[in-house]
**Student:** 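To start, I am sharing the structure in question, which I have written as structure tokens.
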Amino acid sequence: MNNAIIGAAPNMPAREIGIVTAEIKELCLQANRTALMYAIEIGRRLVEAKSVLPHGEWGRWLSDEVNFSQSTANNFMKLFEEYGSAQISIFGAVSNSQTIENLPYTKALQLLAVPADEREAFAEEVDAENISVKELQAAIKERNDAIKEAEEAKAKQAEIEDRAEAAELARKEAEERALEADALKEKVASLEASLRLSKEKVAQTKEKLKKAQSDPKIPPEKLAEIRAEAEKAAKEETEKKLGAELEAVKKKAQEAEASRIAAELAAKQASEQLEETKKKLKTANPAVTAFKTIFDTLQDTAEKAKAKISEIGKDDPETAEKLTAALKAFGASLGG
């Protein structure tokens, strides 16, 4: 086929199809470049016009004078702002990117969705010059979705780290409150023991005095000494002081126990939130999301293929049957 001879215009010698093909491709390339340059220059002048028109006149001027919609004008101005060179002439360079220069303005417009510092590399990566506008749109969407998913995953990871830190702080707080509560419980027990001993001492002293009073053998001096001891024990405020301190410590112990329970509950909630966030991050795995996108696209394509086969089947049942078998075989291959 490459050596086939194509008919030329009258009075012109026939040329090889390869030569004609190359010329067509070059002309298309020049047409794309020229179209983009003109689009940029239109945008340049629209920016200029907007800057000099009175406030409120922009929309009317677009409609009446150049027959542009707001969205069309915005597109031209975006092309100029993103790709326009500093030169006024339309024969100046469009941009510093050879890749972008070779694109029609429709593709250049689509590429505005990609950050300027990544645009050229992305255009080269997806071969923007040789794919359709629809395919370019799909590639841009896939790129932007992947970046969004990565950013979301990063945010989730940061959230996990924050929640993990909060859970650890809550756990330590619960431990501290538990230690405080236990220490106060021990102090309560110690004070209760001291109070019992104090009461026992007073009771023993009273009992000693009672026995001494009923024993005629005890001399009056000794009895007076025992009585003074009993009176002193009875007058001491040890029991009263211990009782007041015990009540105060008991109150603190109750408060510490309540704090312990609250801290343990907070630690449990923080731990549960951490696990829930980890679970969400796992389900938001970019690879899983990407697979879902591909799967949804395959399903949509399969439905369109079925509809087309059905249309073919009206006039050519045999071909439709073969296509159906091929589609089923393709589906089976995915399972392998």
Side-chain angles (χ1 to χ4, degrees), residues 29 32-33 35-36 39-40 43 71-72 74-84 94-167 273-308 327 329-336:
L29 192 64
N32 287 339
R33 185 177 299 176
L36 180 55
I40 290 172
S71 61
T72 298
N74 288 339
N75 287 339
F76 280 128
M77 290 190 291
K78 285 178 183 176
L79 287 172
F80 163 66
E81 290 166 357
E82 293 292 330
Y83 301 119
V94 173
S95 70
N96 293 325
S97 168
Q98 186 67 36
T99 302
I100 301 298
E101 283 187 11
N102 293 338
L103 298 179
Y105 80 94
T106 50
K107 290 183 180 180
L109 187 62
Q110 292 297 324
L111 283 170
L112 293 180
V114 179
D117 59 345
E118 301 174 25
R119 197 173 292 146
E120 182 177 4
F122 175 78
E124 291 179 357
E125 180 184 345
V126 301
D127 193 15
E129 185 178 345
N130 296 308
I131 61 176
S132 67
V133 173
K134 187 174 182 180
E135 288 171 330
L136 179 59
Q137 287 175 329
I140 292 171
K141 184 179 184 302
E142 183 179 350
R143 171 202 174 276
N144 292 343
D145 287 347
I147 290 175
K148 182 180 178 182
E149 288 161 5
E151 289 174 348
E152 289 174 352
K154 185 177 180 181
K156 285 292 181 186
Q157 186 61 47
E159 184 180 354
I160 283 179
E161 292 172 1
D162 290 343
R163 289 194 182 282
E165 184 179 354
Q273 289 174 345
L274 174 60
E275 292 306 315
E276 181 64 22
T277 304
K278 286 181 178 179
K279 184 179 178 181
K280 288 180 180 179
L281 178 62
K282 186 176 180 181
T283 57
N285 188 311
V288 176
T289 305
F291 172 80
K292 185 178 182 303
T293 302
I294 294 170
F295 182 76
D296 291 343
T297 302
L298 283 174
Q299 280 190 315
D300 181 59
T301 303
E303 291 301 319
K304 290 178 180 178
K306 288 177 182 178
K308 186 59 66 176
L327 186 61
F330 175 69
S333 71
L334 293 178

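Everything quoted here is computed from the prediction, not taken from an experiment. Quick note: residue numbers are just sequence positions, from 1.
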**Student:** Out of curiosity, Thr72 OG1 to Met77 CE, how far, rounded to the nearest 0.5 Å?
**Tutor:** 10.5 Å
**Student:** Are Phe76 and Glu81 packed together at the side-chain level, in the sense that at least one heavy-atom pair is separated by less than 4.5 angstrom?
**Tutor:** no
**Student:** Would you compute the distance between atom CD1 of Ile131 and atom CD of Gln137 and round it to the nearest 0.5 angstrom?
**Tutor:** 10.0 Å
**Student:** Roughly how far, to the nearest 0.5 Å, is CG of Asn74 from CG of Leu79?
**Tutor:** 11.0 Å
**Student:** Is a side-chain donor or acceptor of Lys107 paired with a backbone partner of Leu136 at a separation under 3.5 angstrom?
**Tutor:** no
**Student:** State whether the side chain of Lys78 and the backbone N or O of Leu109 hold a donor-acceptor pair below 3.5 Å, judged by distance alone.
**Tutor:** no
**Student:** So do the side chains of Glu124 and Glu129 get within less than 4.5 Å of each other, counting heavy atoms only?
**Tutor:** no
**Student:** What's the shortest heavy-atom distance between Phe80 and Ile40, and which atoms?
**Tutor:** CB-O, 3.5 Å
**Student:** Check Ala116 against Glu82 and note the closest heavy-atom contact, atom names and distance.
**Tutor:** CB-OE1, 4.1 Å
**Student:** Closest approach of Pro115 and Arg143, non-hydrogen atoms and distance?
**Tutor:** CD-NH2, 3.2 Å
**Student:** Just verifying a value: how many Å separate Glu149 CD and Glu142 CD, rounded to the nearest 0.5 Å?
**Tutor:** 9.5 Å
**Student:** Taking all atoms of both residues into account, what is the closest heavy-atom pair of Ile140 and Ala113, and its distance?
**Tutor:** CG2-CB, 3.8 Å
**Student:** Would you say that Lys304 contacts Lys308 through its side chain, given a criterion of any heavy-atom pair below 4.5 Å between the two side chains?
**Tutor:** no
**Student:** Please name the pair of heavy atoms, one in Ala123 and one in Leu111, separated by the smallest distance, quoted to 0.1 Å.
**Tutor:** CB-CD1, 4.0 Å
**Student:** What are the two closest non-hydrogen atoms of Ala139 and Val126, and how far apart are they?
**Tutor:** CB-CG1, 4.0 Å
